[in-house]
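If you're wondering where the values come from, they're calculated on a predicted model, not measured in any experiment. Each residue takes its place number in the sequence, starting with 1.
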Amino acid sequence: MASAQAQSRKPKFKVIAFYTAQNDKAHISYVHEANRWFPKAAAQYNFAYDSTDNWNNLNAKFLANYQVVLFLDTRPEEPAQRAAFQKYMENGGGWMGFHFAGFALTPSKYPQNWDWYHNEFLGSGSYKSNTWRPTSAILRVEDRKHPSTKHLPKTFKTAPNEWYRWTNDLTKNPDIDILMSIDSTSFPLGTGPKPHEIWHSGYYPVVWTNKKYKMIYSNMGHNDIDYENKTNKELSFTFDNETQNKFLIDALMWLGNGKK
């Protein structure tokens, strides 16, 4: 486990980020970028940031040291890890998940085999489809009163991302507060080459919170990679977007009960 807290002031709160960083190069790129960006943010805003790829650390004793848990790319798979996370959240812990952390598709390596997480906690159900290639979108801030969105404009352009849609209609779930969605000025969103990878219309929530928990899910977290020319060069970075970063900091401050 790598610790990135090297300051003498007592941090306002402590964050632990779990990650896997083993499969998709775009997700690996994002995780490495996150583990560079969050320590700098921690130094600037006075919180502590640790990260680990050992999901067995998802236990009550370890989690007791942290006020906020991040899932950078995947989710816990073992029953004991899942039970510990659920208890942590039900006891008032803070959580933020990114992009692939919400993914579930049956059959796949990550099937929908955790109802509490995907249907109750996230509310989104399973993954349904995505845009391709990774492109920027114009997001509309749906709830500008939430602490995580209070400094955002009504609409803003994101860093490039692969955007997901889900099997569940989040607008029908009274526990879900949709914070941001794809603005209609984004369409067509995606470049293909397959027609279904380009969205032309519809309503797509991309950031939301479940009012029963102290949590935020953010669909951002997929960098653009040069697969076509087989160079695997990184073509975009998630944290290169100042407005998006403002949201992330305000979200963390809310989750950690800290004040800027």
Side-chain angles (χ1 to χ4, degrees), residues 1-5 10-21 31 34-35 38-39 41-42 45-104 110-126 146-148 168 170 173-177 179 207-221 247-259:
M1 189 177 75
S3 175
Q5 182 64 19
K10 185 181 178 184
K12 294 175 183 174
F13 56 90
K14 295 178 73 176
V15 178
I16 179 66
F18 289 85
Y19 65 91
T20 302
V31 168
N35 279 328
F38 279 112
Y45 293 97
N46 194 30
F47 62 90
Y49 179 80
D50 297 330
S51 62
T52 179
D53 61 359
N54 180 3
W55 288 84
N56 286 321
N57 283 327
L58 212 54
N59 63 70
K61 184 178 179 182
F62 184 85
L63 293 177
N65 297 309
Y66 297 94
Q67 289 72 52
V68 182
V69 169
L70 306 184
F71 289 176
L72 293 181
D73 59 344
T74 50
R75 63 183 192 189
E77 297 300 320
E78 297 298 324
Q81 298 166 359
R82 291 179 171 186
F85 176 67
Q86 181 174 342
K87 187 174 182 183
Y88 176 81
M89 294 310 303
E90 288 173 344
N91 288 339
W95 176 85
M96 191 168 188
F98 297 87
H99 193 61
F100 200 71
F103 183 92
Y110 300 96
Q112 203 301 74
N113 58 6
W114 190 10
D115 276 345
W116 173 81
Y117 181 75
H118 291 287
N119 285 322
E120 151 71 20
F121 180 65
L122 286 172
S124 48
S126 296
H146 193 273
S148 67
N168 291 356
L170 290 168
N173 187 333
D175 295 328
I176 299 298
D177 179 12
L179 302 178
V207 180
W208 64 85
T209 183
N210 183 326
K211 290 177 277 189
K212 286 185 173 180
Y213 304 93
K214 198 143 197 186
M215 63 82 81
I216 288 180
Y217 173 76
S218 170
N219 195 217
M220 294 78 121
F247 152 69
L248 292 174
I249 291 298
D250 283 344
L252 276 181
M253 291 294 155
W254 173 66
L255 292 170
N257 288 315
K259 291 189 173 75

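- In terms of heavy atoms, A104 sits closest to R75 at CB-NH1, 3.8 Å.
- Using cut-offs of 30° and 60° for the angle between ring planes, the W116 and F121 rings count as parallel.
- The nearest pair of heavy atoms linking I249 to A41 is CD1-CB, 3.7 Å.
- Distance check: M215 CE to M96 CE gives 10.0 Å after rounding to the nearest 0.5 Å.
- For the atom pair CG of N173 and CG of N210, the computed distance is 6.5 Å after rounding to the nearest 0.5 Å.
- Between Q81 and E77, the side chains place no donor N or O within less than 3.5 Å of an acceptor N or O (distance only, hydrogens not considered).
- Annotation: side chain of P11 is not in contact with side chain of Y49 (no heavy-atom distance under 4.5 Å).
- Using a distance-only test at 3.5 Å, with no hydrogens or angles considered, no donor-acceptor pair links the side chain of H99 to the main chain of M220.
- Taking the ring axis of F47 as reference, the NZ or CZ atom of K12 does not stay both within 45° of it and closer than 6.0 Å to the ring centre.
- A donor-acceptor pair under 3.5 Å links the side-chain atoms of D73 to the main chain of T20, judged by distance alone.
- Within the model, atoms OG1 of T52 and OH of Y19 stand 6.5 Å from one another, a figure rounded to the nearest 0.5 Å.
- Closest heavy-atom contact between W208 and L122: NE1-O, 2.9 Å.
- Distance check: L58 CG to L63 CG gives 5.0 Å after rounding to the nearest 0.5 Å.
- A 4.5 Å side-chain heavy-atom check between V69 and Y88 finds at least one atom pair inside the cut-off.
- Rounding to the nearest 0.5 angstrom, the gap separating the CG atom in N57 from the CZ atom in F62 is 4.0 Å.
- For the atom pair OG1 (T209) and OH (Y217), the distance works out to 13.5 Å, reported to the nearest 0.5 Å.
- Across every non-hydrogen atom of S148 and F247, the tightest pair is O-CD1, 3.3 Å.
- Side chain to side chain, D175 and Y213 fail the donor-acceptor criterion of an N or O pair below 3.5 Å.
- The number of heavy-atom neighbours closer than 6.0 Å to NZ of K212, taken from other residues, nucleotides and ligands shown, is 12 or below.
- Between W114 and F85, the two ring planes are perpendicular [angle over 60°; tilted spans 30° to 60°].
- A donor-acceptor pair is defined here as one N or O able to donate and one able to accept, closer than 3.5 Å; no such pair exists between the side chain of K214 and the backbone of V68.
- Annotation for N168 and G125: closest pair ND2-N, 3.3 Å, computed over non-hydrogen atoms.
- A side-chain N or O of Y66 and one of D50 form a donor-acceptor pair less than 3.5 Å apart.
- Between F98 and L248, the closest side-chain pair of non-hydrogen atoms falls below 4.5 Å.
- With contacts defined as side-chain heavy-atom distances shorter than 4.5 Å, the pair V15/L255 does not qualify.
- Residues H118 and F103 come closest through the heavy atom pair CE1-O, 3.5 Å.
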- Task: Please report the C-alpha distance between F13 and N257 in whole Å, then the side-chain angles of each, then the deciding distance to 0.1 Å, and finally whether the side chain to side chain contact (heavy atoms under 4.5 Å, CB included) criterion is met.
- Result: CA-CA 8 Å; F13 56 90; N257 288 315; over 6 Å; no
